[in-house]
J.: 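So that we are looking at the same thing, I have put the structure below in structure tokens.
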Amino acid sequence: MIFEYDKSWHKDNKREIFFKVKYSKNGSKIKIKDILKKVKKSTKVFGSYKEQELKRAFGIFRKQSEVDYFINKNAKEFLQEQFSLWIKTYVFDDDTIFEEARLKQLKALRDISYNIIDLVSQFEDELVKIWNKPKFAHSSNYVITLDKIAEKDLSLLEKLLEHKGITEQIKEWLELGVIKEKFSIEDVFVEDVFGKHLIPKWQYLPIDTKHFKDIELSILTLFEDLDNQLDGWMIHSENYQALNTLKHKFYQKVDTVFIDPPFNLGSNAEFQYMVNYKDATWASLLESRLRLAKILLKDTGSIFVRCDYNGNQIVRMLLDDIFGKKNLLNEIIISRGRNESGSPSKLETTTEVLFFYGKSKFSLKKIKTKRSIANIQWTGFTMAGDRNPPERIFLEKTIYPREGQHFSLIQPKVDKLLDEKYIRLKCKKCATYYYKAKDDRELGIFMKKKPQRFKFYDITNETNYHGVEKLEKCLTIDCGETDKFDIQYLGSEDVFLNNNWLDIESYSNSNNFSTENSETLLQRVINSSTEKDGLIIDFFAGSATTQSAAQKLGRKWIGVEMGQQFYDVDIPRLKQTVFGRQSGISKDLKPEEYKGSGFFKYKELEQYEEALRYAKYEDKGALPKDIYHQYLFFKDLKLADEVIKLDNESKSIKVDLTKLHDKIDIPETLSFLTGKFIKQILKDKVAFTDGSEIEYANIDYKIVKPLIWW
């Protein structure tokens with residue numbers, strides 16, 4: 001992590017310094033001395049801070065991110081178990097004296113300890129409740145290409161392009177590289193006999209509503225089925241918080257989960273996220289998230305988890321436990337990309353694995369891929385048993401199979417494969433090859449065609465070969481063989497996909513991200529597990545490869561990422577994707593499959609630390625009579641203090657969610673809480689796809705209770 005000075009302020013006796021936290025890139029380091037200078041320059045009230053003090057503060061912050069919260073979800077049970085283990089160890093110690101007084105002391109110790117455990121566990125349970133409560137959405141923005149707006153309301157698009165925010169939008173387009181310096185907004189439209197319309201070159205320019213917040217609602221009201229019109233959702237959040245918040249809205253709606261979690265490497269070098277977890281912590285981190293992911297999956301859904309040898313045994317056991325051993329579909333072998341070499345005591349590591357599980361009723365989509373050169377081989381095509389007629393005609397030469405065998409292809413199929421050069425004859429005496437062609441010149445032209453080259457993989461400068469329409473005898477000088485020819489058959493270049501995916505790259509480096517999966521890998525995952533408009537989620541989004549590939553392949557997507565790359569890499573990349581930037585798998589797709597256009601939403605979620613910081617707990621003075629068993633936090637206001645008020649005039653409870661955050665996304669938050677998809681967002685209410693509506697000024701407090709009081 002890299003810490004950068006942001007700002008500082010003081011009022012009365014309160015002083016605060018704020019820092020921006022980013023992931024290290026290209027070996028960048030914290031500039032402690034520069035930070036100290038800026039702090040001192042900002043205000044003399046702070047005096048002088050020592051380098052060691054800053055390092056200590058940064059170290060504490062880092063430590064918080066190195067462990068997952070609440071590995072022991074039930075603190076009471078865990079502490080009682082540990083105390084019982086201690087008691088048993090003590091009792092069975094050979095030096096223990098079992099006098100009556102001592103036994104009474106142990107019983108009293110147990111009773112006191114259990115009371116203390118009951119009291120302590122209340123504090124731990126309160127933290128767990130905050131960790132598990134649903135989180136609200138805030139700082140939401142939409143990205144939509146020009147064609148989507150023009151299709152609905154051309155006049156609104158004209159208004160938008162004349163808006164004051166267009167200056168910042170054009171600046172962003174330049175940074176994205178989707179326009180050049182000479183670009184003019186007047187170039188977006190053209191008028192002809194068909195009227196005014198967008199120029200194709202600019203129709204997929206991505207509008208970010210953060211530049212147009214005052215007319216964002218006008219854009220959204222164009223869509224009467226908003227959530228279903230979105231291509232995807234990008235969420236800036238710790239992924240447990242996100243999955244736990246999404247579980248009602250997307251319950252059993254996800255077709256595929258793909259994750260490439262941080263490998264348990266023991267070192268953070270060269271990586272933009274934490275990888276030095278202990279095994280137990282790493283297993284706990286994955287286990288809790290995988291269980292939530294299963295909730296999101298349809299019964300017909302599937303999950304792919306990437307791993308290497310550092311943790312594959314842990315991942316396999318977790319997936320077996322959560323999804324069931326019988327639902328393991330494959331261990332898919334993929335290339336490592338960053339090979340481990342240079343060690344004299346072990347073999348070079350060149351592969352990793354994708355664990356592929358179905359939920360319960362998964363049906364694999366059989367897809368074809370190109371056969372690798374290593375797997376191309378000329379063979380015979382005879383089978384055991386007799387068949388009439390036994391002979392087949394090749395290059396006008398009648399040939400019989402061996403006794404007790406028959407040719408597996410009928411004559412029309414043989415003729416077709418001869419024309420396509422999938423069948424050839426080989427002279428047994430001199431090894432000259434014969435293909436069907438008018439002459440050698442015609443054969444040479446065919447051999448140079450790129451799609452056909454694989455058929456001639458074993459032809460070298462020393463090989464004798466000819467193109468003929470009729471074969472009477474071998475044409476090689478001093479051979480003249482007339483009868484002894486082998487029939488060779490080459491299987492199609494297209495084969496059904498198996499679990500060996502070493503024929504494709506699994507890593508990429510197109511977005512300056514050290515652990516970027518390749519879009520080719522995700523294309524194969526998506527095509528084998530989803531149909532068009534299927535939904536895929538990746539909650540370790542990294543550089544947004546999954547989301548970019550899904551967008552290009554016509555699938556819907558969800559991405560969750562907590563790092564700074566969410567804004568530095570992910571959102572810019574997805575904007576370039578909807579614009580139609582030719583990268584990754586773009587060049588392999590036909591224009592009708594992908595050319596650009598899109599509509600997605602990105603937002604942030606309230607985090608555990610925020611909820612903990614703003615929750616209101618007060619000392620009531622008098623404790624409950626039974627502090628050990630009566631819940632201590634039952635009467636605390638938590639987050640409800642400013643949100644819920646009694647309206648004296650109407651004698652009703654009023655809910656004001658804006659008190660939670662100045663940029664709260666109320667429609668999305670209500671969508672999470674109710675589990676309903678948004679149909680339309682209006683000025684004073686949100687309508688859901690089930691026909692229900694919620695007015696912002698008349699929200700039922702029971703709906704928001706899990707959000708603000710737990």
Side-chain angles (χ1 to χ4, degrees), residues 137-192 194-224 226 229-234 236 511 544 547-548 551 564 566-583 595-604 662-665 667-668 678 680-683:
H138 65 86
S139 306
S140 299
N141 296 294
Y142 294 82
V143 175
I144 182 169
T145 49
L146 300 187
D147 64 306
K148 297 277 187 181
I149 303 173
E151 183 182 300
K152 297 285 186 180
D153 188 341
L154 189 63
S155 63
L156 177 60
L157 179 57
E158 291 176 310
K159 180 180 177 182
L160 188 145
L161 296 178
E162 294 172 356
H163 190 276
K164 61 182 180 181
I166 197 64
T167 302
E168 286 300 310
Q169 182 64 81
I170 291 175
K171 181 180 177 182
E172 180 186 284
W173 289 340
L174 283 167
E175 292 171 352
L176 290 171
V178 298
I179 62 171
K180 303 295 184 183
E181 289 286 350
K182 294 181 179 180
F183 172 84
S184 172
I185 203 68
E186 287 75 23
D187 298 335
V188 170
F189 292 110
V190 64
E191 288 195 57
D192 53 28
F194 299 103
K196 192 173 186 179
H197 54 85
L198 286 167
I199 291 179
K201 182 179 180 181
W202 305 123
Q203 63 181 330
Y204 303 137
L205 283 172
I207 288 289
D208 190 328
T209 61
K210 71 180 180 181
H211 304 301
F212 312 93
K213 296 307 284 187
D214 58 329
I215 58 172
E216 179 183 71
L217 187 61
S218 298
I219 297 172
L220 300 183
T221 52
L222 295 176
F223 299 91
E224 296 183 356
L226 183 59
Q229 292 293 313
L230 292 174
D231 298 314
W233 298 260
M234 277 299 290
H236 189 225
N511 290 278
Q547 293 71 38
S548 179
Q551 181 73 30
Q564 181 60 32
F566 180 89
Y567 290 107
D568 294 346
V569 177
D570 297 0
I571 302 305
R573 178 179 184 176
L574 289 168
K575 288 176 179 177
Q576 291 170 331
T577 297
V578 297
F579 175 71
R581 185 184 73 156
Q582 293 298 300
S583 63
K595 55 183 179 296
S597 186
F599 185 18
F600 69 88
K601 182 175 187 175
Y602 67 97
K603 62 202 170 202
E604 297 186 10
D662 60 347
K663 294 182 180 179
I664 189 170
D665 184 339
E668 192 75 79
I678 297 171
Q680 194 170 34
I681 294 176
L682 301 171
K683 183 179 180 180

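Each residue takes its place number in the sequence, starting with 1.
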J.: Under a 4.5 Å cut-off applied to non-hydrogen side-chain atoms, are Glu172 and Asp208 in contact?
T.: yes

J.: Check this for me: Gln582, atom CD, are more than 12 non-hydrogen atoms of other residues, nucleotides or ligands nearer than 6.0 Å?
T.: yes

J.: When rounded to the nearest 0.5 angstrom, what distance separates CD in Gln229 from CD1 in Ile678?
T.: 13.5 Å

J.: Less than 4.5 Å apart, side chain to side chain, heavy atoms only: is that true for Val143 and Ile207?
T.: no

J.: Any carboxylate oxygen within less than 4.0 angstrom of a Lys/Arg side-chain nitrogen, looking at Glu216 and Lys210?
T.: no

J.: With a 4.5 Å heavy-atom cut-off, do Phe599 and Thr145 have their side chains touching?
T.: no

J.: Count the heavy atoms belonging to other residues, nucleotides or ligands that lie under 6.0 Å from NZ of Lys663, then report whether that count exceeds 12.
T.: no

J.: Do Asn141 and His211 have side-chain N/O donor and acceptor atoms under 3.5 Å apart?
T.: no

J.: Heavy atoms only: give me the nearest Ala544-Arg573 pair and the separation to one decimal.
T.: C-NH1, 3.8 Å

J.: Locate the shortest heavy-atom distance separating Pro572 from Asp568; write the atom from each residue and the value.
T.: CG-O, 3.7 Å

J.: side-chain contact (heavy atoms from CB on, under 4.5 Å) for Leu217 and Lys683? Distances and angles first, verdict last.
T.: CA-CA 7 Å; Leu217 187 61; Lys683 183 179 180 180; 3.7 Å; yes

J.: Begin with the C-alpha distance, continue with both residues' side-chain angles, and end with the deciding distance and a verdict on side-chain contact (heavy atoms from CB on, under 4.5 Å) for Phe566 and Glu604.
T.: CA-CA 10 Å; Phe566 180 89; Glu604 297 186 10; 5.6 Å; no

J.: Distance check, rounded to the nearest 0.5 Å: Glu175 atom CD versus Ile170 atom CD1?
T.: 12.5 Å

J.: Looking only at heavy atoms, which two atoms of Gly598 and Asp231 are closest? And how far apart?
T.: CA-OD2, 3.1 Å

J.: Would you please test His138 and Asp662 for side-chain hydrogen bond (donor to acceptor under 3.5 Å, both in side chains) and show each step?
T.: CA-CA 8 Å; His138 65 86; Asp662 60 347; over 6 Å; no

J.: Enter the distance from Ile179:CD1 to Ile185:CD1 here, rounded to the nearest 0.5 Å.
T.: 8.0 Å

J.: Answer whether the closest heavy-atom distance between the side chains of Leu205 and Phe183 falls below 4.5 Å.
T.: yes

J.: Applying the side-chain contact (heavy atoms from CB on, under 4.5 Å) test to Leu161, which of Leu156, Ile149, Ile166 qualifies?
T.: Ile166

J.: Strictly below 4.0 Å, N to O, side chains only: are Glu668 and Lys601 in salt-bridge contact?
T.: yes

J.: Before giving the answer on ring-ring contact (aromatic ring centres under 6.0 Å, His included), spell out for Tyr602 and Tyr142 the whole-Å C-alpha distance, their side-chain angles and the decisive distance to 0.1 Å.
T.: CA-CA 6 Å; Tyr602 67 97; Tyr142 294 82; 8.8 Å; no

J.: Going by distance alone, is a donor N or O of one side chain under 3.5 Å from an acceptor N or O of the other, for His197 and Asp192?
T.: yes

J.: Would you say that Trp173 contacts Lys575 through its side chain, given a criterion of any heavy-atom pair below 4.5 Å between the two side chains?
T.: no

J.: Could you measure the distance from the CD1 atom of Ile571 to the CD atom of Gln576? Nearest 0.5 Å is fine.
T.: 12.0 Å

J.: Quick check: closest heavy atoms across Gln551 and Ser597, and the distance to 0.1 Å?
T.: NE2-O, 3.4 Å

J.: Please give me the minimum heavy-atom distance between Gln169 and Pro206, naming the atom from each residue.
T.: NE2-O, 3.4 Å

J.: When rounded to the nearest 0.5 angstrom, what distance separates OG in Ser140 from CE in Met234?
T.: 13.0 Å

J.: Salt bridge check, Asp665 against Lys603: does any charged N sit closer than 4.0 Å to a carboxylate O?
T.: no

J.: When rounded to the nearest 0.5 angstrom, what is the spacing between NZ in Lys148 and CG in Leu157?
T.: 14.0 Å

J.: Would you sort out whether Phe600 and Thr577 count as a side-chain contact (heavy atoms from CB on, under 4.5 Å), showing the intermediate values?
T.: CA-CA 11 Å; Phe600 69 88; Thr577 297; over 6 Å; no

J.: Could you label the plane-to-plane angle of the His236 and Tyr567 rings as parallel, tilted or perpendicular, counting under 30° as parallel and over 60° as perpendicular?
T.: perpendicular

J.: Taking all non-hydrogen atoms of both residues into account, name the closest pair between Ile215 and His163 and its distance.
T.: CD1-CD2, 3.8 Å

J.: Below 4.5 Å, heavy atoms only, C-beta onward: do Gln680 and Leu226 meet side chain to side chain?
T.: no

J.: I want to check something: taking the side chain as every heavy atom from C-beta on, are Trp202 and Phe189 in contact at a cut-off of under 4.5 Å?
T.: no

J.: Could you walk me through whether Val188 and Ile199 satisfy the side-chain contact (heavy atoms from CB on, under 4.5 Å) test, starting with their C-alpha distance in whole Å, then the side-chain angles of each, then the deciding distance to 0.1 Å, before giving a yes or no?
T.: CA-CA 6 Å; Val188 170; Ile199 291 179; over 6 Å; no

J.: Measuring only between side-chain heavy atoms, which start at C-beta, is Gln203 closer than 4.5 Å to Leu146?
T.: no

